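Beneath this line is the structure, given in structure tokens, with notes to follow.
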There are 2 protein chains.
Amino acid sequence: MAVCSVLDDNELYALEAIMSTRKLAANEMLLEEGEPKKRVFSLTSGVIRLYTSLPDGRRQIAGFLFPGDYIGLADDEVYSQSAEAVIPSVLCSFSARDMDELMGQFPKLKERLYQMTRIALRAARDNQLVLGRLAPVEKLASFLLLLSARAEQRGEPANPVHLVMNRIDIADYLGLTIETVSRSFTKLKTQGLIHLPDANTVEILSHRSLSAVAGINPHI
Amino acid sequence: MAVCSVLDDNELYALEAIMSTRKLAANEMLLEEGEPKKRVFSLTSGVIRLYTSLPDGRRQIAGFLFPGDYIGLADDEVYSQSAEAVIPSVLCSFSARDMDELMGQFPKLKERLYQMTRIALRAARDNQLVLGRLAPVEKLASFLLLLSARAEQRGEPANPVHLVMNRIDIADYLGLTIETVSRSFTKLKTQGLIHLPDANTVEILSHRSLSAVAGINPHI
DNA sequence: CGTGACTTTGATTCGCCTCAAAGAAGGTGG
DNA sequence: CCACCTTCTTTGAGGCGAATCAAAGTCACG
């Protein structure tokens with residue numbers, strides 16, 4: 001899954017030589033939109049939110065990054081979005097310059113990053129549909145299915161979905177307010193599609209019905 | 001701008017050898033979401049819309065492609081979105097297999113496609129903010145500025161923006177209805193920010209104020 | 001000049017946002 | 001260990017704005 005999953009021992013050694021570790025507390029900022037792209041990162045543990053802010057305080061979260069995800073895929077000279085830790089997180093940190101050099105040496109590394117960029121592009125475009133054309137309950141259903149699918153990819157259980165982010169983050173990801181997010185949870189609960197033992201745990205009772213509500217099944 | 005802009009004569013020759021030409025009438029479909037990715041394309045002239053549809057007919061246009069743009073950047077095995085001509089268009093068509101092979105031979109070609117993918121990712125993420133957090137008038141203002149900037153990139157005049165797409169397309173791109181798009185045009189007109197000699201021509205009267213309304217200035 | 005497609009404008013409805021407050025959970029200090 | 005405080009979530013009431021429904025206006029074309 002991670003960027004290094006395609007590398008052999010020799011390549012891994014070269015990668016580790018230019019690597020350092022960065023730890024973040026919850027809500028600590030990693031980088032800010034507009035800064036020169038000096039370093040790139042690979043997430044080891046934790047969760048990161050990638051977002052853009054408007055001058056008046058409105059915020060759009062473009063995505064949540066999980067272990068194995070890479071930070072800096074979209075950017076050339078400067079970071080195009082800000083990144084903050086959602087929960088305490090650990091990252092591998094690389095000089096962007098060193099990484100570029102290594103990409104030149106190891107085609108497999110470059111190919112892997114290129115592939116991850118394509119995956120990120122598909123995810124962003126899927127999200128455009130969610131933001132532009134889905135109703136609040138549909139948005140939430142699609143979000144829960146996405147989290148479930150991503151947990152499964154990481155080898156974690158797909159079904160009791162653990163929400164590491166709060167309602168504000170979910171709202172800012174789905175283009176809603178926290179009240180509407182909360183009401184949408186209640187609707188899904190009332191319809192018998194999910195169970196909420198606590199505010200941060202979602203048990204999907206009917207994957208099939210939830211997919212129908214979402215209108216789509218996310219293919220990431 | 002186009003994929004071939006970074007190639008030398010030798011490389012161009014190899015590219016032309018595997019190329020064929022595809023012409024599309026207005027509203028003709030080029031490819032459909034889910035089909036195996038047999039061919040990739042570079043747009044020579046015209047405009048293409050890239051979109052996703054829901055079973056109930058709702059549609060989200062992820063973006064409009066202009067001359068120089070590439071079709072197939074996001075996809076691996078299958079196309080992740082459908083593509084149709086907005087107006088009569090001409091494309092260079094390549095076998096995806098041949099193109100992959102050529103990318104292996106010519107690093108500059110691969111690098112260029114990688115770069116175009118990063119640009120597309122930034123555009124998609126910018127659009128997430130537009131879809132999720134901007135009000136209708138703000139959405140339209142940002143769309144007009146985007147079209148203006150893209151025209152300038154192609155060496156065309158930036159100011160009288162020519163709308164090649166109809167209100168339905170604009171609505172499906174911005175996550176609105178055609179009525180709201182039309183009313184937003186009227187609002188921008190009333191505020192003295194634009195002038196509409198006819199429904200498909202927008203004269204930007206105050207780039208500054210329009211940017212302020214949009215809340216952001218698109219950096220693509 | 002008539003027809004069809006597209007755009008604009010108007011009237012009404014519905015749903016999300018806003019404002020407000022209560023309820024639940026976690027942390028701190030007494 | 002419990003009372004208190006803060007933060008987060010849920011629920012309620014009301015207003016506003018975009019969608020919907022409807023119709024008129026505009027334009028291109030035959």
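Being a predicted model, the structure only gives us computed values, none of them experimental. Below, read A as the first sequence line, B as the second, and so on, with proteins coming before strands; counting in each chain starts at 1.
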Measuring from atom [atom1] of [X] to atom [atom2] of [Y], what distance do you get when rounded to the nearest 0.5 angstrom?
X: Thr52(B); Y: Gln128(A); atom1: OG1; atom2: CD; result: 8.0 Å
X: Leu163(A); Y: Ile170(A); atom1: CG; atom2: CD1; result: 5.0 Å
X: Ser89(B); Y: Leu24(B); atom1: OG; atom2: CG; result: 6.0 Å
X: Ser95(B); Y: Lys37(B); atom1: OG; atom2: NZ; result: 10.5 Å

Asp76(B): salt bridge (charged side-chain N to carboxylate O under 4.0 Å, His left out) partners, not counting sequence neighbours: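 Asp76(B) satisfies salt bridge (charged side-chain N to carboxylate O under 4.0 Å, His left out) with Arg118(A), Arg122(A) once adjacent residues are dropped.
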With sequence neighbours excluded, tell me which residues meet salt bridge (charged side-chain N to carboxylate O under 4.0 Å, His left out) with Glu156(A).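 So Glu156(A) forms a salt bridge (charged side-chain N to carboxylate O under 4.0 Å, His left out) with Arg154(A).
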Testing the basics here: between Leu31(A) and Ile71(A), what is the closest heavy-atom pair and its distance to 0.1 Å?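 Looking at all heavy atoms of both residues, the shortest contact is CD2-CG2, 3.9 Å.
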Heavy-atom closest contact (Tyr173(A) atom, Leu131(A) atom, distance):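 That closest heavy-atom pairing would be O-CD2, 3.5 Å.
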Just report the end-to-end axis angle for the helix from dC1(C)-dG30(D) to dG30(C)-dC1(D), five pairs per end, to 10 degrees.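 Between the axes fitted at each end of the helix from dC1(C)-dG30(D) to dG30(C)-dC1(D) lies an angle of 30°.
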Can you tell if the side chain of Arg125(B) reaches within under 4.5 Å of the side chain of Leu129(B), non-hydrogen atoms only?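 A side-chain contact is absent here, since even the closest heavy-atom pair is not under 4.5 Å.
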What I'd like to find out is whether the side chain of Phe66(B) reaches to under 4.5 Å of the side chain of Leu147(B), using heavy atoms alone.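 Of all side-chain heavy-atom pairs linking Leu147(B) with Phe66(B), at least one is under 4.5 Å.
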Does CZ belonging to Arg22(A) count more than 12 external heavy atoms closer than 6.0 Å?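 Enclosed: over 12 neighbouring heavy atoms sit under 6.0 Å from CZ of Arg22(A).
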At the 4.0 Å heavy-atom cut-off to chain A, mark where contacts on DNA chain D begin and end, going 5' to 3'.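 Both ends considered, the range comes out as dT9(D) to dA13(D).
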Base versus backbone protein contacts along nucleotides 10-18 of chain C [heavy-atom cut-off under 4.0 Å; B, S, -]: BB----SSB
Side chains of Gln115(A) and Arg112(A): is there a donor and an acceptor less than 3.5 Å apart?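 Short answer, yes.
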For nucleotides 5-7 of chain C, tabulate all protein N/O to nucleotide N/O atom pairs closer than 3.5 Å, reporting atom names and distance.
unit_1, atom_1, unit_2, atom_2, d
dT7(C), OP1, Arg167(B), N, 3.4
dT7(C), OP2, Arg167(B), N, 3.1

